[in-house]
Structures are given as C-alpha cells and as structure tokens.
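Comments concern the structure below.
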Amino acid sequence: MSTTADPLAALGSLPGVADSVDSVRKAVDRVYGHRVMRRRSNEVTAEAALRGARGSAALSGADWALEEVRRRSDFGVEGEPRTVGAALRLTAESGQLLSVWRQSPLRVLARLHLVAAGGARPDDTVGRPRLAGEPVDEPLIELALPGADEVAGRLEGLAGLLLAGSEAPALVTAAVVHGELLALRPFGSCNGLVARAAERIVLIGSGLDPKSICPSEVGHAELGRAAYLGALDGYASGTPEGMAAWITHCARAVELGVRESTAVCEALQRGAA
C-alpha cells in the first residue's frame, strides 16, 4: 500500500480502478432511480439482505439455493446450516452498527465475530482477535497465516486509516477492508463472513449504498470462489497490479449485486415478488 498521507486515496489512481469506480457509481445510481424504489425500497432492502447472506454463505462453503435459505429454520445445526445462519445474522446486524463503526471499527469487528459465532464456540476466543498459537478455522482461504502480533498491528493500522478519513472512493475503502480482513483472518473462525459484512458496512456508511440494496456478496458468489481467491492473492501480494485486480474484482461484484436488485425491482413492478 502507498506511503502517501492518504494511502487509500492513492489506490484510486491505480490502472483501471477509476473506471471501475465510475462504472459502479453509475450502476448504483440507476438502481436507486428505479421507480419501485420510491415506494417499496424496504422490500428491495429485505430481499437484497437475504440474497447477500446466501452469497456470503456460499463463499464459506454453504452453497444453498435461495429458496432453501427461505425455507429452512434449522440454522443452529452444525455444518452448513450454522454457516448460513451466521451469514443471515451478520446481514441483519450490519445496518445497526454504522454509528459505532465511525467511532471504533475494531469494536464493530469484534461484535461481528460474536454475532457470526452465535454461541458455536463457547470460549473466550469469540469476539476478539486471536492470540499467538491459537488456531484458525478458515479452510477455504489458503494464504499464509500472519502471526498474532502482525494481525494486531495491521488491524490497528486499518482502524487508524478509517478513523483518519480519506478522499478515497467508497468502493476502494470497502475493498481494502474486505481484503485486509481476509488476508489477516484475525479471528479463530468466520473471517470470510465477517470480512464481507464489513465491506457491506463501508458501502452503506459511505453513502454509496445507504439503503443496502446492492449486495456485493451476490456478485462475489456469482463470480465464483476460484476468481475470488485469485483476486485475493493479488491483494495479498501488495503489488499495484494485484491491488488493482482485487479492487476491480470487488467493483464487478457490486455491479452484479446491483443487477440482482434491479431484477428484484422489476419483479416487484410486475407483481411477481
């Protein structure tokens, strides 16, 4: 990452990033301008939350059909049901944490992990970054695992950047938060779910997607786990090319989320949803 006074903003000048930011902004503006949003935005938000949770769970290994997510209620069962339940809880919680995020991102991350764990790990590892020697249950991410001291330092650095404010586009900030949390895996479990929830919070709180109708998790899932992990490798490399590839991948995910909610708006307009 750049060493300038505003390193997040510097990422916005990487090749291809500005075009991606502009494309996302236009796509978001279009869906917010849909006539259904004037009177039924709450319905679109609720549907986007459900579809976003389904997408996030799919990336964590629980790839259920949307109707299966609607139908099931056994989210306390070990394995895939617990993963889907965690994604649903995180999506519901994200919009409630905006004011706290602006004051203490680390408190919000701890809360997100507590919500995601949902009592599955009844010990003192829940809701705090891991300590030296503590294991991480995140088998789908194969990057080298940073040590606990590095995790603590980088989390503090990330929080400092967020609290200092930046001229960076919301998309860039959201992508960095998402990528950093995936690379660090600061918690003993549920890091992918937490990272995607944090990305959602940034997109909402920045004003890019204030009604939370552009579920990037849908897009990440649609692009596929292989592309997701490949782009994450680019982020972890720290090279300008790798960082740009990750940010543009996140941009494409938001655009696909916009497409999903546009389809929801069309269905509502036809009376089919």
For R185 and A183, indicate whether the former's side chain and the latter's backbone hold a donor-acceptor pair under 3.5 Å. yes
Separation between CG (L8) and OG1 (T173), nearest 0.5 Å, reads 5.0 Å
Atom CZ of residue position R71 - does it have more than 12 heavy atoms of other residues, nucleotides or ligands inside 6.0 Å? yes
Could you measure the distance from the SG atom of C265 to the CZ atom of R30? Nearest 0.5 Å is fine. 13.0 Å
How long is the straight-line distance from CD of E241 back to CG of L14, given to the nearest 0.5 Å? 8.5 Å
Can you name the closest pair of heavy atoms from V258 and A27 and give their distance? CG1-O, 3.4 Å
Got a donor-acceptor contact below 3.5 angstrom from the S20 side chain to the G16 backbone? yes
Would you kindly confirm whether L193 and L97 end up in one hydrophobic cluster when ILVMFWY residues are joined by side chain heavy atoms under 4.5 Å apart? yes
Where do G257 and V218 come nearest, in terms of heavy atoms and distance? CA-CB, 4.5 Å
Between R130 and F187 (side chain of the first, backbone of the second, donor and acceptor by atom type, cut-off under 3.5 Å), is there such a pair? no
Distance col, row E47:CD vs T45:OG1, nearest 0.5 angstrom, shows 11.0 Å
L88/F75 under side chain to side chain contact (heavy atoms under 4.5 Å, CB included): CA gap, chis, key distance, verdict: CA-CA 9 Å; L88 289 167; F75 299 121; 3.7 Å; yes
After noting the C-alpha distance and the side-chain angles of Y32 and I213, does the key distance pass the side chain to side chain contact (heavy atoms under 4.5 Å, CB included) rule? CA-CA 8 Å; Y32 269 84; I213 62 166; 3.5 Å; yes
Check the hydrophobic clustering (I, L, V, M, F, W, Y; side-chain heavy atoms under 4.5 Å; chains of links allowed) and say if L50 and V36 are grouped together. no
Quick check for you: to the nearest 0.5 Å, what is the distance between L203 atom CG and L171 atom CG? 7.0 Å
Examine distances only and state if a side-chain atom of E138 and a backbone atom of N191 form a donor-acceptor pair shorter than 3.5 Å. yes
Under a single-linkage definition using a 4.5 Å side-chain heavy-atom cutoff for Ile, Leu, Val, Met, Phe, Trp and Tyr, are V28 and M37 assigned to the same hydrophobic cluster? yes
Derivation of the side chain to side chain contact (heavy atoms under 4.5 Å, CB included) call for H178 and S216: CA-CA 11 Å; H178 186 171; S216 60; 5.9 Å; no
For residues 244-260, which residue pairs qualify under side-chain hydrogen bond (donor to acceptor under 3.5 Å, both in side chains), counting only residues two or more places apart or in two chains? S23-E255, R51-E260, E222-R259
Option passing side-chain contact (heavy atoms from CB on, under 4.5 Å) with L229 (candidates L59, I141, L182): I141
Look at atom CG of D74 and say whether more than 12 heavy atoms of other residues, nucleotides or ligands are closer to it than 6.0 Å. yes
Identify every side-chain donor-acceptor pair in residues 151-165 under 3.5 Å, counting partners at least two apart or on other chains, and give the distances.
from: R154; atom 1: NE; to: E180; atom 2: OE2; distance (Å): 2.8
from: R154; atom 1: NH1; to: E150; atom 2: OE2; distance (Å): 2.8
from: R154; atom 1: NH2; to: E180; atom 2: OE1; distance (Å): 3.1
from: R154; atom 1: NH2; to: E180; atom 2: OE2; distance (Å): 3.2

Rounding to 0.5 Å, atoms CG (D137) and OG (S189) come to a distance of 6.5 Å
Side chain to side chain contact (heavy atoms under 4.5 Å, CB included) between L268 and E43: does it pass, once the steps are laid out? CA-CA 9 Å; L268 288 170; E43 294 173 68; 3.6 Å; yes
Let me check something: do M243 and L223 share a hydrophobic cluster, defined by ILVMFWY side-chain heavy atoms less than 4.5 Å apart, either directly or through other members? no
Around atom CZ of R72, are there more than 12 heavy atoms of other residues, nucleotides or ligands at under 6.0 Å? yes
Heavy-atom closest contact (V21 atom, P169 atom, distance): CG1-CB, 3.7 Å
Looking only at non-hydrogen atoms, find the nearest pair between T91 and A53 and report the distance. OG1-CB, 3.5 Å
Do NZ/NE/NH1/NH2 and the carboxylate oxygens of E199 and R196 come within less than 4.0 Å? no
Salt-bridge criterion met for R128 and E134 (N-O under 4.0 Å): yes
Regarding R54 and D63, does a basic nitrogen lie under 4.0 Å from an acidic carboxylate oxygen? yes
Is a side-chain N or O of S261 found less than 3.5 angstrom from the main chain of V264, in a donor-acceptor match? no
Using the rule that Ile, Leu, Val, Met, Phe, Trp and Tyr join whenever any side-chain heavy atoms are under 4.5 Å apart, tell me whether V100 and L106 fall into a single cluster. yes
Keeping the roles fixed (side chain from D6, backbone from E167), state whether a donor-acceptor pair exists under 3.5 Å. yes
Do S13 side-chain atoms and A10 backbone N/O form a donor-acceptor pair below 3.5 Å? yes
Beyond-backbone contact of L11 with V17, side-chain heavy atoms, under 4.5 angstrom: no
Please report the shortest heavy-atom distance between P210 and I204, naming the atom on each side. O-CG2, 3.7 Å
Note, L184 side chain near L145 side chain (heavy atom, < 4.5 Å): no
Walk me through it: do R200 and E93 pass the test salt bridge (charged side-chain N to carboxylate O under 4.0 Å, His left out)? CA-CA 11 Å; R200 173 182 286 269; E93 187 81 3; over 6 Å; no
In terms of heavy-atom contacts, S56 and A87 come closest through CB-CB, 4.5 Å
